Amino acid sequence: MIFKFSELLSRLQYVCDERNNVDTSTTNKRGSDELLSQSGVTVMAPAAPHHADNNNQDSAAKKVKLEQNVGKPSRVIHIRNIPNETTEAEIIQLGLPFGRVTNVLVLKGKNQAFLEMAEEISAVAMVAYFGGCVAQLRGRAVYVQFSNHKELKTDQTHSNASASAQAALQAAQVISNSAGAALVAGAGAALQPANGGTEIQGGPNTVLRVIIEHMLYPIVLDVLYSIFQRYGKVLKIVTFTKNNSFQALIQYPDTGSAQMAKTALDGQNIYNGCCTLRIDYSKMTCLNVKYNNDKSRDYTNPTLPSGDGDAHQLLTSGGVLAPPFLGLGSGLASPYGVGVGGVGLPAFGALTLTPASPALRALTAPPLPLATVLLVSNLNEEMVTPDALFTLFGVYGDVQRVKILYNKKDSALIQMAEPHQAHLAMTHMDKLRVFGKAMRVMLSKHQTVQLPKEGQPDAGLTRDYSQSPLHRFKKPGSKNYQNIYPPSATLHLSNIPATVSEDDIKEAFTKRGFTIKAFKFFPKDRKMALVQLATIDDAVAALIKMHNYQLSESNHLRVSFSKSSI
């Protein structure tokens with residue numbers, strides 16, 4: 001859908017008001033051909049020779065010339081100074097308010113992208129608009145001008161051949177063809193549709209079902225709105241728990257916005273290493289929200305009552321009743337069975353969208369206290385050692401230091417690498433029986449674990465593991481984050497060489513006093529296996545003693561808890 005430029009300006013004026021505050025005076029602006037020559041990419045059909053600026057010009061005059069020289073009109077738009085992690089979907093979103101997008105190319109590492117519009121008039125409107133209003137991506141000012149190329153040609157070696165780019169282009173096509181989908185991303189959440197005021201209230205594939213996995217931190221309705229409104233006008237949100245997991249239903253006015261959000265957000269983490277979004281389409285076509293409160297919100301009807309906070313609310317779709325809410329408060333129930341409440345969420349600005357893999361980053365900063373030190377008590381002081389605690393707590397994070405208290409040897413301080421790792425360890429291991437005693441795990445008031453001063457008695461009770469090669473999570477995007485489970489009687493074994501048999505592994509466990517009830521190699525990957533012990537207590541002890549056990553000259557066994565059983 002193509003709009004009159006004057007109408008477009010009025011609809012996006014509030015964006016301009018915010019973005020005009022960005023200082024662009026220090027930005028180094030370069031022509032598209034200069035950037036392309038550095039990137040070594042030759043994927044466009046050039047329109048005309050490019051004439052270099054006179055190198056003898058004074059720098060101020062050159063700056064004025066570059067700012068004024070947006071180039072001759074072309075369907076292809078050149079966007080500079082983009083953040084390194086910018087996705088094709090984000091580039092497409094810049095162009096969608098102006099018309100249909102037909103192609104996109106993001107030059108990774110070169111901080112630039114190209115966007116091809118279906119009509120030259122759309123490109124002209126976009127360049128004209130951003131000539132007086134600085135565009136932003138992920139909080140960084142980006143610069144929009146015409147490309148010297150009339151057409152964007154790409155092949156299978158370039159980024160738009162990827163599945164994510166193709167999905168983004170398909171979603172853009174749907175948005176362009178949908179009535180009322182004129183504006184998307186941040187602008188779309190605040191503006192009224194340009195279809196005579198008629199809102200498209202749902203339909204097939206306009207309602208997303210969102211499941212939060214590994215929900216260590218509480219997720220409230222405003223957090224979800226802040227994330228999902230980037231991809232279109234969020235009409236309604238309903239949150240609830242089902243099957244011991246926190247879920248939400250989010251309704252958009254059109255399928256294009258819903259598809260864009262699903263493509264961009266599915267599999268991402270809200271907070272680092274946890275609160276992973278799993279998104280699919282709901283069978284519901286319209287959410288019926290009765291109350292505006294911390295569990296549900298109808299953004300099209302702000303006059304709804306708040307309702308009774310303890311009352312059950314029902315969703316309806318074609319006469320079918322959905323499961324009632326389970327009374328979620330501000331401290332939402334965790335899938336691990338431990339509530340995390342009483343914490344304030346930070347203000348949300350431009351959210352950084354990054355996938356859970358390969359680079360494990362977050363949509364926003366975690367709200368929990370930045371405590372990384374745990375106080376562990378009620379230990380079996382006859383058997384516990386710093387190495388044993390390092391191995392056990394290392395299942396849930398990278399242990400930096402361990403200090404068994406000299407005058408109270410049934411207690412210890414354990415410093416983790418990151419706050420969320422400390423919370424994971426506390427959540428999973430508080431009251432866990434270790435060497436016959438149920439240990440207690442809580443956050444410590446200490447910020448770090450101090451190493452003993454020279455001459456101070458310690459008896460080897462304090463160890464520094466910051467440089468240990470046994471850390472499980474030191475690599476960004478480690479798959480170990482996706483395989484964190486509560487302690488169980490079944491252990492997951494990995495890094496098994498082909499020369500080691502089932503009998504060899506059973507014998508290794510038996511020599512250390514463990515009785516194996518069941519054993520099974522993975523059918524498709526013999527480097528991994530499951531081993532089941534009699535009790536969780538036995539499995540905890542076996543993990544401590546068998547992790548890093550040497551199986552061959554170059555292979556050491558890796559042991560963790562499994563969610564499976566044999």
Side-chain angles (χ1 to χ4, degrees), residues 84-85 213-214 216-217 267-276 336 352 354-366 368-374 376 385-403 412-429 441 443-444 446-451 462-487 491-497 525 527-528 543-551 554-563:
N84 290 333
E85 303 85 4
E213 296 182 351
H214 306 299
L216 176 61
Y217 301 151
Q268 296 203 41
N269 296 327
I270 297 177
Y271 302 128
N272 191 22
C274 62
C275 300
T276 305
Y336 305 126
T352 301
T354 52
S357 62
L360 191 62
R361 299 187 179 92
L363 295 173
T364 187
L368 292 184
L370 300 179
T372 59
V373 179
L374 298 169
V376 184
T385 64
D387 286 348
L389 293 175
F390 165 76
T391 300
L392 180 58
F393 280 76
V395 172
Y396 300 107
D398 293 337
V399 176
Q400 303 298 295
R401 292 177 180 177
V402 175
K403 183 183 188 70
L413 294 173
I414 300 176
Q415 182 177 339
M416 309 297 287
E418 296 184 22
H420 73 88
Q421 295 177 355
H423 282 272
L424 274 174
M426 180 177 65
T427 299
H428 284 301
M429 292 195 294
V441 183
L443 295 176
S444 169
H446 293 279
Q447 298 299 310
T448 60
V449 172
Q450 298 291 335
L451 295 175
T462 304
R463 294 286 302 275
D464 186 338
Y465 297 96
S466 58
Q467 303 302 317
S468 172
L470 297 180
H471 288 158
R472 299 174 188 249
F473 308 100
K474 59 184 177 181
K475 292 182 179 179
S478 170
K479 291 184 179 179
N480 291 327
Y481 269 119
Q482 303 170 27
N483 295 290
I484 292 177
Y485 303 109
L491 297 176
H492 178 274
L493 311 181
S494 60
N495 203 36
I496 303 172
D525 188 353
K527 294 180 180 179
M528 297 188 292
L543 185 145
I544 291 173
K545 292 186 178 182
M546 298 302 297
H547 182 64
N548 202 42
Y549 174 80
Q550 188 166 358
L551 293 173
S554 59
N555 292 81
H556 289 73
L557 190 64
R558 297 290 179 258
V559 185
S560 59
F561 296 115
S562 173
K563 66 175 180 178

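For clarity, every value in this text was computed on a predicted model and none was experimentally measured.
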Return the set of residues passing side chain to side chain contact (heavy atoms under 4.5 Å, CB included) with Tyr549 (not counting sequence neighbours), or none when no residue passes.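 Side chain to side chain contact (heavy atoms under 4.5 Å, CB included) list for Tyr549, sorted by chain: Ala508, Arg512, Met546, Leu551, Leu557.
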Ser562: which residues meet the side chain to side chain contact (heavy atoms under 4.5 Å, CB included) condition with it, sequence neighbours left out?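 Per chain and number, Ser562 pairs via side chain to side chain contact (heavy atoms under 4.5 Å, CB included) with Thr490, His492, Leu530, Ser564.
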For residues [X] and [Y], report the shortest heavy-atom separation together with the two atoms involved.
{"X": "Ala425", "Y": "Leu374", "value": "CB-CD1, 3.8 Å"}
{"X": "Met416", "Y": "Phe393", "value": "CE-O, 3.6 Å"}
{"X": "Ile484", "Y": "Val395", "value": "CG1-O, 4.4 Å"}

With [X] via side chain to side chain donor-acceptor pair (under 3.5 Å) - residues at least two apart:
{"X": "Thr448", "result": "Gln450"}
{"X": "His547", "result": "Arg472"}
{"X": "Ser466", "result": "Asp464"}
{"X": "Asp525", "result": "none"}

Got a sec, which residues hit ring-ring contact (aromatic ring centres under 6.0 Å, His included) with Tyr396, two or more places apart in sequence or on another chain?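 Partners of Tyr396 by the ring-ring contact (aromatic ring centres under 6.0 Å, His included) criterion, ordered by chain and then number, come out as His428.
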All ring-ring contact (aromatic ring centres under 6.0 Å, His included) counterparts of Phe561, not counting sequence neighbours: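 So Phe561 forms no ring-ring contact (aromatic ring centres under 6.0 Å, His included) with any residue.
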Are Asp398 and Tyr465 close enough that a side-chain donor and a side-chain acceptor fall under 3.5 Å?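 No pair is found: no donor N or O on one side chain lies under 3.5 Å from an acceptor on the other.
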Tell me every residue that passes salt bridge (Lys or Arg N to Asp or Glu O under 4.0 Å) with Arg558, counting only those two or more places apart in sequence or in another chain.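 For Arg558 there are no salt bridge (Lys or Arg N to Asp or Glu O under 4.0 Å) partners, ignoring immediate neighbours.
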